[in-house]
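Working notes, structure below.
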Amino acid sequence: MPELYADIIVDISHEKVDKAFQYRIPMHLQGKIETGMCVVVPFGAGNKQIKGYVVEVSERCKFDEARMKEICGITAKGVSAEERMIELAAFLRRNYGGTMIQALKTVLPAKQSVKMLEHRTIVRKMDREQIISLLGESIRKGQKAKERLLRELTEQENIPYEWITGKLGVSPATIRSLEGAGVIKIESERSFRNPVKLQDVCSHRNDLSPEQQEIVNHVMADYDGDNIGTYLIHGITGSGKTEVYLQLAEEMVSRGKQAVVLIPEIALTYQTLLRFYRRFGDRVSVMNSTLSPGEKYDQCRRAKAGEIDVIIGPRSALFTPFPDIGLIIMDEEHEGSYKSESAPKYHAREVAMEIARMHGAGVVLGSATPSLEAYHMAREGKCTLFKLTRRLTGGSLPRVNIVDLREELREGNRSIFSRKLQELLSDRLQSGHQSMLFLNRRGYAGFISCRACGEVMKCEHCDVSLSEHRDGSLVCHYCGYMVRKPQTCPKCGSKYIMGFKAGTEQIEQKLTEMYPGIRVLRMDGDTTKTKDSYEKILSAFANGEADVLVGTQMIVKGHDFPNVTLVGVLAADLSLGATDFRAGERTFQLLTQAAGRAGRGDRPGEVVIQTYQPEHYAVVHAGAQDYESFYEEEILYRELSGYPPVDHMLAVQLYGKYPDNLQKLAEELASYTGSMADNSQPLAKRLRVIGPAPASIAKINDIFRYVFYVKHEKYDKLVQVKDLLEHKIQIIQPRYESVQFDFDPMHIL
Ligand code: ADP
Ligand code: ZN
Ligand code: ZN
């Protein structure tokens, strides 16, 4: 039997996971030690026995064999937060690939010294008369700084320290001298920073509708009966899902449990947070990307210490080290941002279900347009489906017009606005209602190509088409590469070189030409670069500072604009065009959400969907707001072509500096994978390998990309494939190439 060794981390924190020590696994423990386990090891010169965590088991000895120490034993399986995190990391590594260190870094917060914010206040110790006489003295002596401070003290008894040193420009030395003379004292109050400022916690709450109450009762009865599972709430925006989440979280908290509420980052709006804040006061904490690592670390500390009951945040909030989770809620579960884009490429839905299993907790998914994955689970009986059918905010469903752009062209309309859209826009401008125009694309224009020879202007580093901006430059949206737009085609010299499809900037420009005096706000990747520009634009629009909001998909999410009665989708096809098996699903979601923006107030709304493919089922069913019919057609397509969620798919993504080497490695791994197929199985049940091929974006930042896909009906089988490939890669030890795994990918590479 070969010797086995284990890499062990003795201090489990985000920063220390790179520092593993290797120990020998003694004979009697061989076969029992696994990645993620907690063991006891001798440590340091005194060989003190301490706890450590196994992050890797291998046959390779990395250090001096003679001096290597042995593992003493396995600790009894406990349920400390650390052990759960290790277990979770092992789950991530096993199911999504990557290294144990990457997995650990995903679940552990970065430890950072949390700066204590000191709130210091200067308090007047003498009465006003005494201050006035001191003031007179300092005026006579020409002590300007002291004068400013004393003058302020005649008005107020307490002044924030920062205000005095900042606004009044009084030096700390001057403050100290007054303190020494007994004129003032400095009071300080130390506090951990809390990302949410305490608002008025208010006790008002809505009585749940019978539909809502039924969901709460059902889930809580399951929980109390030790029979909790996964639930899907299918309900349009405004049907009361969030109200149900609030109630469920409160029920859990009243049982001494904690709740995790996942919300896509973009939907973390002030209004939503306020509702949770009103309900849970400072027992709720918010995680978002603007938090510093120190604040995140502090949140984790507070969660572990039992100081908070509810956390709201994007997918990383899943890794809050709560002692006893009762419920994980995932709002807008269909959102692509729930899938991690770096290794381990996990999906929050699946990880939520694993965490729930570990804690004996439930998972509640909610969406107006459920993912095929979630709805498929419901159809298969793996989760309980609830429907919320009524819009509680009032307002009827909008009228949807589908406009065939080919028809417009035949009738001689070359504008980017169909006649129907123009007519409705004029009407809204006259009646003072607001409109939203939505385009699935940013920048002034789409790609630039030559009308004579068809040459497309591409980025030198990324193999994607460049986008034209108004200042005449061509920009790559992957790497930022920028060139001036050429006057003539670099290939054939023709001067007919121009952009095709319209971008948000061009729409804005066209609107101001067509409707003089129109007030337009634009929201896209370019206008929302700074942290709060997104909220600023939305609140300006909500305040009626513009007639039309033009934007990319950002504008279709969340947010109520009661005065919007017209929504135009300018080119529904742009998302259909993508060569991606989720294109239909994404288009349906986008169109449904966009339509949901119209008529949120008491006035009925209208929607115009412009498209070159009016007969496409995603367009037709979105127009009819009919999720189920869409699902039926979409799932049939997935079944026939063997795509998730019916079958599973593993993308093996290869990155490398040298295209030839990369291609060779891709071919070697793909053919090795092909050899795993069990040829005794009927073809349809066999493992299938697609590719390898250069990725659709073959190069980014001078790194070449190759990909091949492996399909099988069983997810576990693909996990096995991944394990074998990882092993193979370890043997090959490629020098300039790296490989990543993406299970059931959201995007094709
Ligand atoms: P969703 O999360 O599905 O978009 P919300 O929970 O935000 O729906 O509810 C939409 C609106 O209806 C909110 O303004 C909310 O305060 C209100 N609301 C929700 N449930 C009720 C209820 N049972 N009674 C009265 N108003 C409600
Ligand atoms: Zn040309
Ligand atoms: Zn580029």
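One-based numbering, in listed order, for ligands and for the atoms of each.
Each of the atoms 23 (N) of ligand 1 lies under 4.0 Å from some heavy atom of Ser209. Within the listing of ligand 1, atoms 22 (C), 23 (N), 24 (N) sit less than 4.0 angstrom from a heavy atom of Asp207. Of all atoms in ligand 1, listed by their number and element, those nearer than 4.0 Å to a heavy atom of Thr237 are 4 (O).
Residue contacts with ligand 1: Lys241 is placed with a nitrogen or oxygen under 3.5 Å of a nitrogen or oxygen of the ligand (distance criterion only).
In this structure, Tyr617 has its ring center no closer than 6.0 Å to that of Tyr637.
For the ring pair (Phe, Tyr, Trp, His ring centres under 6.0 Å) criterion with Tyr346, the lone passing option out of Phe319, Phe743, Tyr338 is Phe319. Tested against Ser371 for a side chain to side chain donor-acceptor pair (under 3.5 Å), the candidates His334, His347, Arg582, Arg349 yield a single pass: Arg349.
Glu585 places a side-chain N or O within donor-acceptor distance of the main-chain N or O of Leu372, the cut-off being under 3.5 Å.
Ligand 1 lies less than 4.0 angstrom from a heavy atom belonging to Arg275. Residue contact check for ligand 1: Gly235 places no non-hydrogen atom closer than 4.0 Å to it.
In the displayed structure, Asp226 atom CG is contacted under 6.0 Å by at most 12 heavy atoms of other residues, nucleotides or ligands.
With a 4.0 Å cut-off on non-hydrogen atoms, Ile236 touches ligand 1 through its backbone and not its side chain. Contacts with ligand 1 closer than 4.0 Å are made by no heavy atom of Val244, backbone or side chain.
Between Val620 and Pro614, the closest heavy-atom pair is CG2-O, 3.4 Å. The minimum heavy-atom distance linking His234 with Leu385 is given by the pair CB-CD1, 4.1 Å.
By heavy-atom distance, the residue among Asp331, Leu246, Asn206, Leu388 lying nearest atom 27 (C) of ligand 1 is Asn206.
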